[in-house]
Amino acid sequence: MKKILTIIMIFTVLLSSVFSLSANAAYDEAMEAMKLYSDCVLLMSADNGEVVFEKNAGKQTPPASLTKIVTAIVVLENCKDLNAMVTVPESCIKELDGTGSSLGGLQAGEMLSVYNLLASLLIQSANEAATTLADYISGGDRAKFISMMNEVAERLGCKNSHFVNPHGLHDENQYVTAEDMATFILHAKEFPAFEEIVGKSSYKLPATNMQEERNVLNTNYLMNSAYKDYYCKYVTGGKTGSTSDAGRCVVVTASKDGYNYVAVALNSTFSDVDGDGVNENGAFLDTKEMLEWTFKNIELVAISDTTRIVGQVPVKYAKTTDYLTLSPAETVYSLVPVGTDSGSLLVEPIEDTVPEFVKAPVKKGEVICRAKVLYAGNVIKEIDLVASMDVKRGVFATIGTVAKNIFSNWLFRIVALAVIVVLIILVFINRRRKKAAKPANSKDYRILNYNDFMKLK
């Protein structure tokens, strides 16, 4: 029997569909207006994982020096003392000869703390810092360190990423996705040292046994106010990368007024996009524009309220009602365009979960079915719909419902009719038998005993 769907949505008003269509178009138009230069982009809430902008976010692409985020994760997960001193091996520098690597000027035999090597790795993007840290953590077993990097990816559910080196020099077997990079940096930021280091626009490497104190600048120009085309005051940290195969890459975190985001731009251009004779980093331009648009145009609102009645389903055996009203099980918040009202949101039951009816008794808060909350045609979140009230079982209602169900059953009707026909036939047969047993010429007469006879006489 086809399910009877009686969910009545009160969130939807006459203009909701019109607004939803325009809101969805507004997102598309915003991305088109940005004319993004990156092949893969992702802008996602770091608070609840909602995606604002996405293009090829699941596409595998070379990570360049964004690889160093995973290198740092392995180090931070396996080194308890960040003040431990490490000597830079000559082999860790020589293996980079002729590669055109991004280097930090470290020298063979130079001694730095793990923390300062991480600073050189993440701020300067020094490849020799990556090889030195990999050598230190693995005891010189590079294959072991690479295995640890891939174990991190597997553990975090980043199935579309794979690593073969700790620095990011191009290799066809080394790749990531924008989605995975967002996961990597959010996990890395759980380590205070990582968040502290990537949040610095510059850093003073202390004097070592071989070099004087020196100031190093962060390659992330989104954090440097001297680069007006790129500077975004909301960026709190991140990592850059660049190779001829990977293009320009960046992943950052940003915050404003309690809102937190992660932005990723991969495989972007480096060209004169504005005709000023100077090449621009497309990844920086895309990231800045996405973040500034989002902070200006997106806000967090309650998209479902536990006090609102959003539907009803038939109820059987109830004492005082024929329908059970439903409400969201939780108050759900979501990112929507500024000015969005409840009429622009739709709570829609998931048909396969909606019962044809429920049976009393029912307790308030009891989960009845599931629903999806939609904005602009997109599912924001799935929620439970629960009973908004207690429904008691009624004795007479139960009897009446059972009787109604019985008598409305066609099989019962056929059986009952058959029984009646049989009874009629049996009565008819019984009468025929009685009539057949009576003498043909017999007359009715009264039998009297002797005393009665004497009285009559």
- Do S125 and K239 have side-chain N/O donor and acceptor atoms under 3.5 Å apart? yes
- Take T243 and D245, measure what side chain to side chain donor-acceptor pair (under 3.5 Å) needs, and give me the verdict at the end. CA-CA 5 Å; T243 67; D245 294 282; 5.0 Å; no
- Between K296 and E292, does at least one N-O distance fall below 4.0 Å, as a salt bridge requires? no
- Message: As an exercise, state the distance from CD1 of I197 to CG of L122, rounded to the nearest 0.5 Å.
- Response: 6.0 Å
- Message: For a salt bridge (Lys or Arg N to Asp or Glu O under 4.0 Å) check, start with the C-alpha distance between K372 and E348, then their side-chain angles and the critical distance, and finish with the verdict.
- Response: CA-CA 5 Å; K372 49 190 176 184; E348 181 178 288; 3.4 Å; yes
- Task: Taking only Lys NZ, Arg NE, NH1 and NH2, and the carboxylate oxygens of Asp or Glu, determine whether R155 and E77 approach each other closer than 4.0 Å.
- Result: yes
- Message: If you count heavy atoms of other groups shown closer than 6.0 angstrom to CD of E172, is the number above 12?
- Response: no
- Message: I want to check a possible cation-pi pair here: K316 against F357, using under 6.0 Å from ring centre and within 45° of the ring axis as the test.
- Response: yes
- Message: Please check if the number of heavy atoms outside K256 that lie under 6.0 Å from its NZ is greater than 12.
- Response: yes
- Rounded to the nearest 0.5 Å, the CG atom of L266 sits from the NZ atom of K55 at a distance of 11.0 Å
- Query: Can you tell me if D39 uses its side chain to pair, donor with acceptor, with the backbone of N267 under 3.5 Å?
  - Reply: no
- Message: Could you check whether Y221 and Y231 have their ring centres less than 6.0 Å apart?
- Response: no
- Message: Checking side-chain polar atoms at under 3.5 Å, does N160 have a donor or acceptor matched by the opposite partner on D180?
- Response: no
- Query: Rounded to the nearest 0.5 Å, how far does OG of S201 lie from CG of N224?
  - Reply: 6.0 Å
- Message: Within this structure, what is the NE2-CG distance for the pair H167 and L133, rounded to the nearest 0.5 Å?
- Response: 12.5 Å
- Task: Can you measure from CG (N220) to SG (C232) and round to the nearest 0.5 angstrom?
- Result: 10.0 Å
- Indicate yes or no for a side-chain donor-acceptor contact from T287 to the backbone of F284 under 3.5 Å, with no hydrogens or angles considered. no
- CG of L121 to OG1 of T67, rounded to nearest 0.5 Å, is 10.5 Å
- Do the side chains of M149 and T71 get nearer than 4.5 Å, heavy atoms only? yes
- Task: Say whether N116 and S113, considering side chains only, have a donor N or O and an acceptor N or O under 3.5 Å apart.
- Result: yes
- Message: In the structure I gave you, are the side-chain heavy atoms of R393 and P361 within less than 4.5 Å of one another anywhere?
- Response: yes
- Message: In the structure I gave you, are the side-chain heavy atoms of V86 and L112 within less than 4.5 Å of one another anywhere?
- Response: no
- Hey, is E95 close enough to R142 for a salt bridge, meaning N to O under 4.0 Å? yes
- Query: Taking only residues two or more places apart in sequence, or in another chain, which ones meet T294 in a side chain to side chain contact (heavy atoms under 4.5 Å, CB included)?
  - Reply: L43, V52, F53, Y261, I298
- Determine the interplanar angle of the F191 and H187 rings, folded into 0 to 90°, and report it as parallel if under 30°, tilted if 30 to 60°, perpendicular if over 60°. perpendicular
- Is the number of heavy atoms from other residues, nucleotides or ligands within 6.0 Å of CD (E154) greater than 12? no
- Query: Step by step, would you call S388 with T325 a side chain to side chain donor-acceptor pair (under 3.5 Å)?
  - Reply: CA-CA 6 Å; S388 64; T325 53; 2.4 Å; yes
- Polar side chain donor-acceptor pair, T253 to T236, under 3.5 angstrom: yes
- Test: E110 and R214 ion pair at under 4.0 Å: yes
- Counting only heavy atoms not in E90, do more than 12 fall under 6.0 Å of its CD? no
